[in-house]
Amino acid sequence: MTTVLTPASRPRAALLALASALLLVLTALAVPARAADPAPITGRVVFPAGYTYSAAAPPRVELRVLTGVGTGTESPAYPASFVPVAADGTFTVARDLRVGRNHLLLLHDGQHRLLNGYVTATGSTTMFHTDAAVIAPGTTGLVVTASLATQISGRLQLPSAYTGDPTTLRIQGLVGNQPVRYVSGTVRADGTFVVGGVPSGSDVHLHLTDSRGTLFAGFWNAADGYFVTNRNDATTVKAPASDLTVHVNPTGSISGRIEATDYSGYEASLTLMAVTGADGKVRATREWSRDDGTFQLDGLDTGRSYALVVASGGGLVGTGVMAADGSVLAANDDLSGVWSRTRLMRPGTTGVVLRPTLLPAIRGRVVAPDGFTIDPMENGALRVYRYDRNPTTGVWTKNAAAETVYEDGTFGLGAMWLPSATDFALWLEPFHATNPRNAPFAAGFWTGNTTPLSTDVRDAKLATVSTTRDVLFPLAVQNVTLPEVTGAPQIGATLQATRGAWNPASATTSVQWLRDGTAIAGATSSSYSVTSADGGATITARVTATGGTGWLATSVTSAPVTIVKPISNTTRVSISGTVGYGKTVWAKRGEWAPAPVSTSVQWLRDGVAISGATGSSYKVSKSDVGKKLSVRVVATGADGSQARSTSVQTKVPRVTPTLTVSAPSVKAGTAVKVTVKVDSGGLVSQPLGTVAVTLGSKTTTVTLTAARAGSVTVTMPAQVKGSYKVTARFAPTSTSTTYLNGATSSALTVKVT
């Protein structure tokens, strides 16, 4: 029974009340009236024999405010304040007192030697608040008789790599169950610790806390020396106890990934837990698997080995413990039947591959456009309805319940919820009227993973129960920007087709060119060379986009372009005039249809354009001799199209030079000097070759060099009296044959007297 101590319970209460009233009157003369602060609680602690006061670690009185205004049997609130106890044992609690509330006082000892307990009605201390006295503000003259208690002490064996300050670690003792009490403790810089004081024979749980989170802390299990997170899994230490060695290990993690092609964390939750025993009760940190399929279990004891327990919801994924091969062994809380086949791992293990067991179900996925986020919580969210066919009547009935389509597009119907001996069809409902955002999706029955939806249930493909995700509501690839044809719309030009923009952006495209809507054989590249067959026709490019699994191919056609009929030559271009060195010839420009708006001329030598020779007439030059001369005319139509026509090539002949012979009359017995001149009409000023002069029956041959400039005098042998015929022949060298032919002079009569 809790006793309530009030100000009237103490001899000085009346004097204090009188003094307080006088103070209130004086204060009211200076300031407006306000509610008085609660009077302090004062008292004295009587230290037991054998206890030495320490100013460095003095006792403290803790004020706790009751949660209600009752007798104190209800749980007290957390500490309101602490006040030190002086060396003479006196203390004053003046802060955090509440008007109209009752309070408890709790004695702590910085040396952990005094009994850590609540003040009772008799002034003693007790472990639990249910035996404490309720103390009202203004209570004075409290006498608290402290008593010595026992301690639990030892050393924390910290990891060699630990770099923290051991004094920041918090160690406490936990005594009792209902109610329960935490008693304080201290960790020193050398790792030694003390927890106290508690009554002798108390069963105490040791609880260690590391604010940095680098140590695996919790409740110390005295039976095996490990820390555990649940007090019920730890044994106690009986007080007093000393020289305990408590090993503390660093924390670590186990990480890996979930390898299950058809698993979705949205439709079936998956919780991972690390356990240290076959009973599955000694648990460490647990964490949900992440959206990307990876997981990491943090805060594990690096000194222990763990098995990975898989817990699932939704009836789509099996539960149990991970085996050595990553599969899940079915099990309940008691893992003893499969423990020998589990994979035990130390923290620090990475790359763990978990392969959860998928239970029989109808699983599927709805394909969504790039950038589209499925929100299962929005009004008019995507739903999949199940239609059941009565095996007797064959009538299809829509099931009232709809399956949610989750953020990743998945949905699932566990086999346990499906009626037996029934055929199932699936209907995708995008609720267009309610949710315009779902416009990309069609409403209809699933007809297969590669075929469009249908509104006729007779087209539906039956959905079957399996352990794979074998239903896929496909989506047509969406055209974002139409393809476009660019380039000159004329024969001989090259057209280019852009492929447009698509969703998904990863879609691959193919092109087919069309002439008046009909596919042009072989025209499947992004460019197309316009042929004469296209004149006057419309050309378009049809682009087909394929998005891969779950996407239906889509084809769109560009806007048409009309190919104009180009200008053409009807009468070939020709050359008029004599084609010879030094002659002037003219280009006859031929005839064209339609009539050209302009024509241009280019004279050609052996098919190569002659620089600057673009006029209607052309004077044949030395460079043309021995070559083939032609003329090309390019005509431009009113539509910008062009056509060309080239004349027949005519060879420019070499020039046959003129040879003139002269010789004076001579006396018999005198040599005859014959002069020969080679004239090419200005083509070659220094013809090269040989000149053979024949006088009667005598012939003399000389070389015509450049220095002789086409004239040479040949001395012929002396002749007897008479008349003689003189002739000359010219034979050009290989150099001169480019331009000159050989030639023979007319006969000249020379008289010898």
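Note that this is a predicted model, so its numbers are computed, not measured. What you see below is based on every heavy atom in this structure, not just the backbone, and it leaves out hydrogens, waters and symmetry mates.
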Gap between atom CZ of Arg363 and atom OG of Ser466 - 0.5 Å precision:
7.0 Å
Report yes or no: do Ser454 and Asp456 form a side-chain donor-acceptor pair below 3.5 Å?
no
Closest non-hydrogen atom pair between Ala497 and Trp513, with its separation
CB-CZ2, 3.6 Å
Looking at Asp233 and Arg231, does any basic side-chain N land under 4.0 Å from a carboxylate oxygen?
no
Does either side chain, that of Asn249 or that of Tyr226, offer a donor lying less than 3.5 Å from an acceptor on the other one?
no
Taking the side chain as every heavy atom from C-beta outward, state whether Tyr528 and Arg515 have any pair of such atoms under 4.5 Å apart.
yes
Can Arg469 be said to sit on top of Tyr263's aromatic six-ring, NZ or CZ under 6.0 Å from centre and within 45° of the ring axis?
no
Ion pair Arg212/Asp210, N-O distance below 4.0 Å
no
Considering all heavy atoms of both residues, which atom of Thr544 and which atom of Ser555 are nearest to each other, and what is their separation?
OG1-OG, 2.6 Å
Between Phe411 and Phe473, how do the two ring planes meet: parallel, tilted or perpendicular, split at 30° and 60°?
tilted
Search all heavy atoms of Leu272 against all heavy atoms of Phe295 and return the closest pair with its distance.
CD1-CG, 3.3 Å
Are side-chain heavy atoms of Val310 and Thr271 found at a separation under 4.5 Å?
no
Residues Thr468, Asp262; criterion side chain to side chain donor-acceptor pair (under 3.5 Å); working and verdict:
CA-CA 6 Å; Thr468 60; Asp262 297 318; 4.6 Å; no
State, without any angle test, whether Gln642 and Thr636 hold a side-chain donor-acceptor pair at a distance under 3.5 Å.
yes
Among Thr168, Thr163, Thr167, the one residue meeting side chain to side chain donor-acceptor pair (under 3.5 Å) with Asp165
Thr167
Within 45° cone and under 6.0 Å: Lys398 NZ/CZ vs Tyr387 ring:
no
With distance as the sole criterion, is a donor-acceptor pair present between the side chains of Thr557 and Arg542 under 3.5 Å?
no
In terms of heavy-atom contacts, Ala311 and Met273 come closest through CB-CE, 4.0 Å
Considering all heavy atoms, the nearest Ala443-Trp427 contact
CB-CZ2, 4.0 Å
Taking all atoms of both residues into account, what is the closest heavy-atom pair of Ser312 and Leu270, and its distance?
CB-CD1, 4.2 Å
Would you indicate whether the side-chain heavy atoms of Val328 and Thr319 approach each other to under 4.5 Å?
no
Would you say the side-chain atoms of Asp534 pair up with the backbone N or O of Thr531, donor to acceptor, closer than 3.5 Å?
yes
For residues 344-362, tabulate all N or O donor-acceptor pairs below 3.5 Å that involve a side-chain atom, not counting sequence neighbours.
| residue | atom | partner | partner atom | Å |
| --- | --- | --- | --- | --- |
| Arg346 | NE | Ser305 | OG | 3.4 |
| Arg346 | NH1 | Thr302 | O | 3.1 |
| Arg346 | NH1 | Gly303 | O | 2.8 |
| Thr349 | OG1 | Arg346 | O | 2.6 |
| Arg355 | NE | Glu259 | OE2 | 3.0 |
| Arg355 | NH1 | Asp325 | O | 2.7 |
| Arg355 | NH2 | Glu259 | OE2 | 3.2 |

Are the side chains of Phe424 and Leu462 in contact, using a 4.5 Å heavy-atom criterion?
no
Polar contact flag, side-chain donor to acceptor under 3.5 angstrom, Thr422-Asp388:
no
Is the closest side-chain heavy-atom distance between Trp502 and Val556 below 4.5 Å?
yes
